[in-house]
Engineer: 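Attaching a single structure in structure tokens format; questions to follow.
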Amino acid sequence: MGMTVTHAPATEDLTRVSEPRHGPVKPERPAALKRRVRRENLAGYLFMSPWIAGFLLLTAGPMIASLYFAFTDYNLFDAPKWIGLDNFSEMFGDPRWRHSVQVTLWYVVVGTPLKLLAALGVALLLAQKRRGQAFYRAAFYAPSLIGASVSVAIVWKAIFSDDAIVDRTQKIFGIDVGGWTGDPDLIIYSLVALTVWQFGAPMVIFLAGLKQVPRELYEAAEVDGAGRLRRFWNITLPMISPVLFFNVLLETIHSFQIFSSAYIVGGGAGGNACGPADGSMVYTCYLYVQGFENSRMGLASAMAWMLLVAVALVTAVLFWSQRRWVHYEESA
């Protein structure tokens with residue numbers, strides 16, 4: 001009976017590395033590799049060139065120019081003259097400048113929390129499942145899209161003027177204070193009402209944060225007997241604290257930059273450009289008056305840089321404070 005013998009493959013056949021059909025791949029030479037990297041970098045910079053040009057011409061260039069103008073006497077028509085720190089000393093000694101700082105701080109401290117409270121309250125309502133939820137979200141978000149326009153500011157001024165809707169409604173309840181836009185003490189409240197009406201953008205951000213809170217936490221707290229207020233304070237707020245910090249930071253910066261609504265509601269160009277008796281004279285409004293109505297661009301540039309420094313300091317304080325009340329998942 002015949003016997004078939006099979007031979008095991010040779011050891012070199014097992015250890016032989018398979019090579020491509022067309023031969024081994026040669027490593028790329030350093031010079032060729034450098035040329036390829038250089039071509040890829042060049043293509044990337046070409047694609048980025050519109051943004052780089054826009055940043056240099058529209059952002060970095062004007063900022064550097066305004067920093068130079070801040071130390072000069074410049075009226076937009078004659079060549080700037082170097083005067084050192086005179087603009088800053090005049091600015092600090094100007095009572096109208098100090099008044100604009102007070103009005104702006106009052107607007108930021110009062111308007112920003114009210115806007116965020118309205119946004120969070122509506123977001124809590126919309127986070128629950130109900131009919132027409134998409135319609136309500138769009139309806140509440142719409143004012144954020146149109147609220148900063150000049151046309152809305154004109155309508156807002158008409159609503160709060162003498163013998164208008166707000167004035168007539170007040171008289172029904174026995175309140176006869178006249179229109180808000182004509183009263184130096186009340187016009188700032190109309191601006192606060194306008195910014196609170198535009199709570200749509202932070203509301204959407206709050207709503208996205210509320211959707212990320214695990215439902216198991218609420219169910220466990222409900223089993224333990226925690227009420228709605230306790231669940232909100234111990235679960236909802238800590239879980240959405242990063243979103244809350246983002247909204248506080250963003251809305252605070254926006255509040256410092258208010259201009260168009262204050263300028264239009266206050267009266268626009270003229271002697272009362274910042275409201276009656278400077279009632280709505282926020283910082284940017286007075287900056288505009290000095291730069292474009294009084295043709296003192298050097299002083300306006302100094303005011304602009306002072307605003308930048310103030311916003312940077314407030315931002316730094318907010319980032320420093322987040323360690324005490326913002327809870328991220330890693331720290332949790």
Side-chain angles (χ1 to χ4, degrees), residues 99-100 102-128 130-204 206-207 228-229 232 247 251 254-255 258-282 284-285:
H99 176 70
S100 68
Q102 294 175 0
V103 173
T104 304
L105 290 177
W106 190 94
Y107 176 83
V108 172
V109 172
V110 175
T112 302
L114 290 178
K115 183 177 183 178
L116 293 178
L117 285 175
L120 181 58
V122 176
L124 289 171
L125 295 176
L126 295 180
Q128 305 173 8
R130 60 182 70 245
R131 279 185 185 178
Q133 198 172 39
F135 168 77
Y136 289 118
R137 290 177 183 176
F140 283 120
Y141 182 73
S144 293
L145 298 176
I146 63 176
S149 63
V150 174
S151 58
V152 171
I154 295 175
V155 173
W156 204 263
K157 180 180 179 181
I159 291 175
F160 285 88
S161 60
D162 293 335
D163 202 27
I165 298 175
V166 175
D167 188 14
R168 294 180 181 180
T169 305
Q170 292 175 158
K171 292 178 180 178
I172 295 176
F173 296 96
I175 303 174
D176 189 7
V177 295
W180 292 17
T181 56
D183 192 328
D185 297 327
L186 296 178
I187 187 172
I188 190 65
Y189 291 98
S190 65
L191 299 179
V192 171
L194 179 57
T195 190
V196 173
W197 180 63
Q198 304 171 28
F199 64 83
M203 177 206 68
V204 172
F206 276 133
L207 189 59
R228 289 187 177 182
L229 183 59
F232 172 77
N247 274 334
E251 295 302 325
H254 286 170
S255 297
I258 176 180
F259 170 70
S260 59
S261 57
Y263 185 74
I264 298 300
V265 174
N272 60 342
C274 299
D278 294 336
S280 63
M281 189 173 64
V282 293
T284 53
C285 188

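What you are looking at is a predicted structure, and each value in this text was computed from that prediction instead of being measured.
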Engineer: Is the count of non-hydrogen atoms from other residues, nucleotides or ligands lying under 6.0 Å from Tyr136 atom OH greater than 12?
Structural biologist: no
Engineer: Short question: side chain of Ser190, backbone of Thr181 - any donor-acceptor pair under 3.5 Å?
Structural biologist: no
Engineer: Using a 4.5 Å cut-off on heavy atoms from C-beta on, say whether the side chain of Val152 contacts that of Trp197.
Structural biologist: yes
Engineer: Could you please spell out the steps behind the side-chain contact (heavy atoms from CB on, under 4.5 Å) verdict for Trp106 and Val192?
Structural biologist: CA-CA 10 Å; Trp106 190 94; Val192 171; 3.6 Å; yes
Engineer: Measure the shortest side-chain to side-chain distance between Leu186 and Phe160 over non-hydrogen atoms and say whether it is less than 4.5 angstrom.
Structural biologist: no
Engineer: Is Asp162 reaching over with its side chain to a backbone N or O of Gly179, donor-acceptor style, under 3.5 angstrom?
Structural biologist: yes
Engineer: For residues Ser280 and Val265, determine if any side-chain heavy atom of one lies less than 4.5 Å from a side-chain heavy atom of the other.
Structural biologist: no
Engineer: Under a 3.5 Å distance rule, please check whether Ser144 uses its side chain to pair with a backbone N or O of Gln198 as donor and acceptor.
Structural biologist: yes
Engineer: Specify the closest pair of heavy atoms between Gly279 and Val103, including all atoms of both residues, with the distance to one decimal.
Structural biologist: O-CG1, 4.2 Å
Engineer: Do Thr195 and Tyr107 come close enough that some side-chain heavy atom pair is under 4.5 Å?
Structural biologist: yes
Engineer: Any idea which heavy atoms bring Phe199 and Lys115 closest together, and the distance?
Structural biologist: CB-O, 3.8 Å
Engineer: Taking everything shown except Ile146 itself, do over 12 heavy atoms lie less than 6.0 Å from its CD1?
Structural biologist: yes
Engineer: What distance do Thr284 atom OG1 and Tyr263 atom OH have between them, rounded to the nearest 0.5 Å?
Structural biologist: 11.5 Å
Engineer: Would a 4.5 Å heavy-atom cut-off, applied to side chains only, mark Leu124 and Phe232 as touching?
Structural biologist: yes
Engineer: Quick one: does Gln133's side chain have a donor or acceptor within less than 3.5 Å of a partner on Gln128's backbone?
Structural biologist: yes
Engineer: How many angstroms lie between atom CG of Leu194 and atom NZ of Lys157, to the nearest 0.5 angstrom?
Structural biologist: 13.5 Å
